[in-house]
Amino acid sequence: MLKLQKNYSLNDLNTFGFDALAESFIEIDSRDLLVEVVEYCQSNNLPLLILGGGSNLILSDQISGLVARMLNKGIEIISQQGDQLQLKVAAGEGWHDTVVYAMSQGYFGLENLALIPGTVGAAPMQNIGAYGVELKDRVAWVEVLDTQTHQFLSLSSLDCQFSYRDSLFKSVEPGRYIITDVVFNLTRDATQLNLEYLALKDTCEALAKGSSITPYHVFDAVCQLRRQKLPDPAIIGNVGSFFKNPRVSVVEYERLKAEFPALVGFADGEGYKLAAGWLIEACGWKGKQLGAVGVYEKQALVLVNHGKGDRRQIETLAEQIRESVQQRFGVLLEVEPRFYP
Ligand code: FAD
Ligand code: NAP
């Protein structure tokens, strides 16, 4: 018999801080309980929301069906050879805690992804990325429950179809797989650093003060940069970047760059990636408020809840931003977080 909690408040379980009430709620700490929950929802025809840290979700005030929060724990090395090792981490572990743990053990590779909120299990959903590293660069495989067959599977990085802020789990077969564990390829070699992003390189150099840059400098620099620029959800509600950075063709990039010389873009595959934050700021949105919600004053890509905001207000603000960016630049912004339901 499942111990469901009825009319459960999710106000503290979504980083926007929106008021949201789940019809039923349960915490999941084992694979057996996960299977039971999935069977219960399927036999009663109930929608099931798998919840991590709620940092990439925009919730409605009433959520019908069941909300199941992943809280399974565990971190272990499952193989090692020379400097290389594979670390298996349960979905319910905190993402940043896992990065801190890996650093404390001298396992490197996750340092560029420090201070991203949320859980390990949600990280493959949108292939989290920051400062030139994406989750896909470090994933060996992902362990999942297939809700169609009720089997536990291991999906290789290739199977997960990772791409920019996207994956099999987010857009190809949303809802089919529940992630139970993620296995990372990490290294004890402290010389394999990614310092592609200029601000990161500059901050690392300042921290290293002339000595060699280590993964610990990278970790500290990422934390420092993020604290300077991003709102802490514990203080001001937000879900990080609200829009993806749009991709355009070379021709389109050159047209825009000729008209707007300050445009920020980076060569990316066969085209260019534009900095969505720059487009939004150029339309005058930075720091603007609309009711109780607004655009963060230090980074225009982040929408914030100043206190009593709700999903409807965020939708209105996001739509106005999309329209103005499209009118001025002819570029369509795509929302990054998930609206539920
Ligand atoms: P939730 O918001 O709880 O869930 C997100 C989605 O994943 C939902 O669809 C949910 O159903 C699903 N899900 C959750 N757990 C599982 C599971 N075990 N199995 C299957 N599905 C699951 N993102 C980046 O990519 N890079 C960043 O640098 C970054 N910075 C951020 C900074 C701030 C201040 C904030 C608030 C957000 C930021 N984000 C960033 C977005 C967010 O933190 C990530 O997407 C994170 O991985 C979401 O984790 P979560 O546990 O909070 O997921
Ligand atoms: P930033 O460093 O000011 O850079 C602005 C944009 O330019 C970023 O979106 C980044 O793309 C791109 N960029 C900068 N240098 C680049 C390079 N050398 N090569 C390719 N692209 C480059 O960005 P920020 O707002 O301070 O964020 C820092 C990092 O944290 C970024 O990687 C960002 O994605 C990540 N972040 C993500 C979220 C989220 O919710 N998704 C929230 C906060 C921060 P990318 O975004 O593709 O990296």
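Note that ligands are numbered from 1 as they come in the structure, with each ligand's atoms numbered from 1 the same way. These numbers come from a predicted model, not from an experiment.
Atoms of ligand 1 found under 4.0 Å from any heavy atom of Ile128 (numbered from 1 in listed order, with element): 24 (C), 25 (O), 44 (C), 45 (O), 47 (O). Heavy-atom proximity to Gly240, at under 4.0 Å, picks out these atoms of ligand 2: 40 (O). Close approach of ligand 2 to Glu336 is summarised as follows: ligand atoms under 4.0 Å from at least one heavy atom of the residue are 39 (C), 40 (O), 41 (N). Residue Gly118 approaches ligand 1 through these ligand atoms, each under 4.0 Å from one of its heavy atoms: 49 (O), 50 (P), 51 (O), 52 (O). Listed by atom number, the atoms of ligand 1 under 4.0 Å from Ala130 heavy atoms are 28 (O). Of all the atoms in ligand 2, the ones that sit under 4.0 Å from a non-hydrogen atom of Lys229 are 1 (P), 3 (O), 23 (O), 24 (P), 25 (O), 26 (O). Listed by number with element, the atoms of ligand 2 under 4.0 Å from a non-hydrogen atom of Leu230 are 43 (C), 44 (C). Under a 4.0 Å criterion applied to the non-hydrogen atoms of Gly54, ligand 1 contributes the atoms 1 (P), 2 (O), 3 (O), 50 (P), 52 (O). For ligand 2, the atoms lying closer than 4.0 Å to a non-hydrogen atom of Gln299 are 24 (P), 25 (O). For ligand 1, the atoms sitting less than 4.0 Å from at least one non-hydrogen atom of Leu51 are 3 (O), numbered in the order shown with element in parentheses.
Protein heavy atom closest to atom 39 (N) of ligand 1, with residue, atom name and distance, is Ile116 CG2, 4.2 Å. Protein heavy atom in closest approach to atom 35 (C) of ligand 2: Ala130 CB, 3.7 Å. Of all protein heavy atoms, the one closest to atom 34 (C) of ligand 1 is Asn238 OD1, 3.4 Å. At the shortest separation from atom 9 (O) of ligand 1 among protein heavy atoms lies Arg338 NH1, 2.8 Å. Among protein heavy atoms, the minimum distance from atom 26 (N) of ligand 1 is reached at Gly129 O, 2.8 Å. Remark: minimum distance from atom 48 (C) of ligand 1 to any protein heavy atom is reached at Ser55 OG, 3.2 Å. Among all protein heavy atoms, the one lying closest to atom 14 (C) of ligand 1 is Ala122 CB, 3.5 Å. In this structure, the protein non-hydrogen atom closest to atom 21 (N) of ligand 1 is Met125 SD, 3.6 Å. Nearest non-hydrogen protein atom to atom 23 (N) of ligand 1 is Gln126 NE2, 3.1 Å.
At least one heavy atom of Pro231 sits less than 4.0 Å from an atom of ligand 1. Under a 4.0 angstrom heavy-atom cut-off, Trp278 registers as lying outside contact with ligand 2. Residue contacts with ligand 2 do not include Val264, since none of its heavy atoms lies under 4.0 Å from the ligand.
Results of the side chain to side chain contact (heavy atoms under 4.5 Å, CB included) test with Trp95 over Val182, Thr119, Leu110 single out Leu110 as the only residue that passes.
Below 3.5 Å of separation, one finds no N or O of Met70 facing any N or O of ligand 1. At under 3.5 Å, a nitrogen or oxygen of Gly53, whether backbone or side chain, sits near a nitrogen or oxygen of ligand 1. The shortest N/O to N/O separation between Asn127 and ligand 1 does not fall below 3.5 Å. Considering backbone and side-chain atoms alike, Arg165 places an N or O below 3.5 Å from some N or O of ligand 2. Every N/O-N/O distance between Gly240 and ligand 1 stays at or above 3.5 Å. Residue Thr119 places at least one N or O, backbone or side chain, under 3.5 Å from an N or O of ligand 1. Where the criterion is an N or O separation shorter than 3.5 Å, residue side chain and backbone included, Ile50 meets it with respect to ligand 1. At least one N or O atom of Ile179 sits closer than 3.5 Å to an N or O atom of ligand 1.
Taking the charged nitrogens against the carboxylate oxygens, Arg31 and Glu143 do have a contact shorter than 4.0 Å, which makes a salt bridge.
The CD atom of Gln289 sits 10.0 Å away from atom CG of Leu317, with the distance rounded to the nearest 0.5 Å. Expressed to the nearest 0.5 Å, how far CD1 of Ile314 lies from CG of Leu290 amounts to 9.0 Å. Note: Thr98 OG1 to Phe184 CZ = 7.0 Å, rounded to the nearest 0.5 Å. Atom CG of Leu193 and atom NE2 of His217 lie 10.5 Å apart (nearest 0.5 Å). Expressed to the nearest 0.5 Å, how far OG of Ser324 lies from CD of Glu319 amounts to 10.0 Å.
Across all non-hydrogen atoms, the minimal contact from Ile128 to Arg165 is C-NH1, 4.4 Å. Closest heavy-atom contact between Lys244 and Val335: CE-O, 4.4 Å. Of all heavy-atom pairs spanning Gly94 and Val120, the tightest one is O-CG2, 3.9 Å. In plain terms, the two heavy atoms of Glu270 and Val250 that are nearest each other are O-CG2, 3.4 Å. Considering every non-hydrogen atom in both Ala91 and Ile179, the closest pair reads CB-O, 3.2 Å. Considering all non-hydrogen atoms of both residues, Tyr164 and Arg247 come closest at CE2-NH1, 3.1 Å.
Remark: among candidates Arg165, Arg226, Lys244, the nearest residue to atom 30 (N) of ligand 1 is Arg226, based on non-hydrogen atoms. Distances from atom 41 (C) of ligand 1 to the heavy atoms of Asn56, Val182, Leu49 put Asn56 nearest. Residue nearest to atom 18 (N) of ligand 2, selected from Lys298, Lys273, Glu196: Glu196 (by heavy-atom distance). Of the listed residues (Ala90, Pro117, Ala91), the one carrying the non-hydrogen atom nearest atom 38 (C) of ligand 1 is Pro117. Residue Ser241 holds the heavy atom nearest to atom 40 (O) of ligand 2 of all those in Ser241, Gly132, Ala199. Comparing heavy-atom distances from atom 19 (N) of ligand 2 across Tyr197, Tyr164, Tyr131 singles out Tyr197 as nearest.
A parallel orientation is assigned to the rings of Tyr197 and Phe266, their planes being inclined by less than 30° (bins at 30° and 60°). Classified by interplanar angle (parallel below 30°, tilted 30° to 60°, perpendicular above 60°), the ring pair Tyr253/Tyr272 is parallel.
Residues Glu315 and Phe339 form a side-chain contact, since some pair of their non-hydrogen atoms from C-beta on lies under 4.5 Å apart. Residues Leu59 and Phe16 have side chains not in contact (no heavy-atom distance under 4.5 Å, counting atoms from C-beta outward).
Of all the heavy atoms of Tyr177, the ones lying under 4.0 Å from any atom of ligand 1 belong exclusively to the backbone.
Cluster membership check: Leu48 does not share its hydrophobic cluster with Phe169, using side-chain heavy-atom separations under 4.5 Å among Ile, Leu, Val, Met, Phe, Trp and Tyr.
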CA sep, side-chain torsions, deciding dist, call: Arg255, Glu252, salt bridge (Lys or Arg N to Asp or Glu O under 4.0 Å): CA-CA 5 Å; Arg255 178 191 74 74; Glu252 181 65 355; 3.1 Å; yes
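In this structure, atom 4 (O) of ligand 2 has no protein heavy-atom contact shorter than 4.0 Å.
Separation of the Tyr216 and Phe108 ring centroids falls under the 6.0 Å cut-off.
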